[in-house]
Amino acid sequence: MGYADPSSSRDLLGNRTLFFIFICAFALVTLLQQILYGRNYIKRGLQFSWQSGEEMGNWTGIFNFTDDGAVKTGSDAGARYFEFYEGPLDFNSSKCLELRQDIIDVKVLSMVKETDLFDRWKSLQICKWEMNVTEANMFKSQLSKCCNAPSFLFTTQKNTPLGTKLRYEVDTSGIFQISPEIFKIFPKDMPYYRSQFKKCAVIGNGGILKNSKCGKEIDNADFVFRCNLPPISDKYLADVGMKTDVVTINPSIITERFQKLEKWRKPFYDVLQGYENASILLPAFYNTRNTDVSIRVKYVLDDFESQQSVYYFHPQYLINVSRFWLIQGVRAKRISSGLILVTAALELCDEVHLYGFWGFPMNPSGIFITHHYYDNVKPRPGFHAMPSEIFNFIHMHSKGILRVHTGTCF
Amino acid sequence: MKCPRTRLPVGFGALAVSVLCWLYVFPVERLPDEKELVREVLQRGRAWSRNLSALQGFRKQLNDCCHPGHLFSVTKVNTPLGVNLWFDGEFLHSLIIENSTYSLFPQDTPFKLPLKRCSVVGNGGILKGSRCGKQIDEADFVIRCNLPPLTSGYTLDVGTKTQLVTVNPSIIEKRFQNLLWSRKSFVESLKVYKSSYVYLPAFSMRHGTEPSLRAYYTLADFSANQTVLFANPNFLRNVGKFWKNKGVHSKRLSTGLFMASAALSLCEEVTVYGFWPFQIDLKGSPIRHHYYDDVPPLSGFHSMPEEFLQLWLLHKSGILRVQLGQCTPEEPQ
């Protein structure tokens, strides 16, 4: 071997070098990914509910059931309520006290089987409901200490002076400074005061409302809250009524259904017209992505000279409410807008009635129901702890603080 | 790699190229001085007669290069679904026409051709005090540029009639916040043009598309009287090339010249008003930049004097009429 290739000794693309290059490339790609997507990845993790399908979310997807089961129920839904009736038993009769205690004894949702809870709830239906004034007042005073909806529910010119630096609820690093233009669109002061309304109805959009025939009863309430722009067309009139005083809109709905209002605006306006004089309530300062879209809603209504008012949740109120419910055991990334409205209603109204709040895939009789009364689109799992929220409502119902309607109305 | 021999020629080559570029950008034949032009304009006076054969020749040239009758605006006929529309004001930027955009186009160019008498109204300061309003309004088709104000203070000078008004996307961006917030002011400010066509160069600049489409949505949402037409980038590009051959060196032609070229082909008789890119009027007294304000444009984008020179050449050969100075003499006080 007199002749030696000069490059042979250098191991130009030998195994070690290739391996080294491979490792370097891998490291580089990983690093790039970190840089490019790292922040977004973290952000995406935090964009829960308002952003991603809260409007679809009335329960977390912890129950596995098939679509067929849910769809099937539509047909035989008429028969499912026969065992519920406004019972003859007094709310404070000894039998009812016992039944209520049965439910209150269930401290944590995981203590009992779901069917067991359903059974206890079902047997409670034979009792009439009446408000327990002392319990209710105690609860309301707790709420006024923590959250104080009558002065902090919305951003107003009073509680958010010009130049305030609002901290977003989720993007805690994000700060929104109130400029004169934004300040101008806030209401002067809160339009509502403590215990202003006698009887309020808060409408969740649960499939349990379907065929409930509760429309008339809902319309009889003094003040009606609705969540996430639900359809209230003639088709649903008998079940959900049409009176609406406050309706919340999730900015993700605007982003998906109305292209952020950057294109056509009339369709959105027409939808809002369906709610007549209802005020629009938006979580503009929940995270940074919501702000522009939410503020645009105000401009749309002004442009079309609508009488409807637009309000924005005060981020501090949202923070306080989630903290309050976290202590009560609602452990979710995010509480639902239904829960926020119920919390507000408890302060603004004497008597609060909940319709369409049922976070389980089947109704108390064990028959599968659709997810919403208008569709069966399931939410992305893991954002809301619907069962735990409903469990709290059932507790409160048993204590006489508010009333949960899960049966048919007559 | 060392090639010491090639250095010198390469250097010379580079120098030659840069000199050529320099000559291209700043041509040697300079424009006539504004004083010179004023003298010439005054010399010619009001005398102007139409030269039909020259007009026909020029119209044929225009039709051959740009087909204004067919290509003036984007229509369903000249821009089928799925076509790749290349922007004329950008380097290699295009947009594929999808159904959502396609549905915004009219079926065909909506004018009844040929139009009879047309006025193209530029916004030059020379219009102020010109009392041309009546004469402008007498035309059958009045074209205005870039949303000019038509409030009562200007009616005497610029008239009120409008059949086509152009809107530059940059105006939408500056004056109407890109139509992302309140849109009412945009609709209100268009009301003065009654039921005219709104001509938007949506497919010229990358950043102009969204605002222009939004202008369409806005007018549709409010069911306004105006009809939106989108400028066809192919037309604009061809007209740009046409004038470049004739010696207009600028990044981009002004809307006024685009409109004047379109009018020359679409109308039988064209008079242009308010085209005067100089600081002094015919009497030598200083004038403002626009008839409504004195905001100078970005320098180096348009070359108005060159454009004016072309129009003046057309005027001299009897192809169109450039109205300078007063239309009706001032009444004695």
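Reminder, nothing fancy here: chain letters follow the sequence lines and each chain counts from 1. Computation of the quantities below employed the complete heavy-atom set of this structure, encompassing side-chain atoms and omitting hydrogens, waters and symmetry-equivalent molecules.
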Worksheet entry | More than 12 heavy atoms of other groups within 6.0 Å of B:Arg288 CZ | yes
Discussion item. Are there over 12 heavy-atom neighbours, none belonging to A:Gln307, within less than 6.0 Å of that residue's CD?
Written reply: no
Discussion item. Under a 4.5 Å cutoff for heavy-atom pairs, which residue among A:Trp264, A:Phe304, A:Tyr299 has the most contacts with chain B?
Written reply: A:Trp264
Worksheet, complete the sentence: Note: B:Arg214 and A:Glu262 closest approach over all heavy atoms is CG-O, 2.9 Å
Discussion item. My understanding is that only one of A:Leu261, A:Asp302, A:Asp292 makes a side chain to side chain contact (heavy atoms under 4.5 Å, CB included) with B:Trp181; could you say which?
Written reply: A:Asp292
Discussion item. Whether the side chain of A:Arg265 engages the backbone of B:Thr218 through a donor-acceptor N/O pair (distance < 3.5 Å, no angle test) should be reported.
Written reply: no
Worksheet entry | Atom group of A:Glu181 that falls short of 4.5 Å from chain B, counting heavy atoms | neither
Discussion item. Using only atom types and a distance under 3.5 Å, with no angle test, would you say the side chain of A:Asp303 pairs donor to acceptor with the backbone of B:Lys184?
Written reply: yes
Worksheet item: Rounded to the nearest 0.5 Å, what separation is found between the OG atom of B:Ser100 and the CD atom of A:Gln259?
Response: 9.0 Å
Practice prompt. Counting only heavy atoms closer than 4.5 Å, note whether B:Leu180 contacts chain A via side chain, backbone, both or neither.
Written response: both
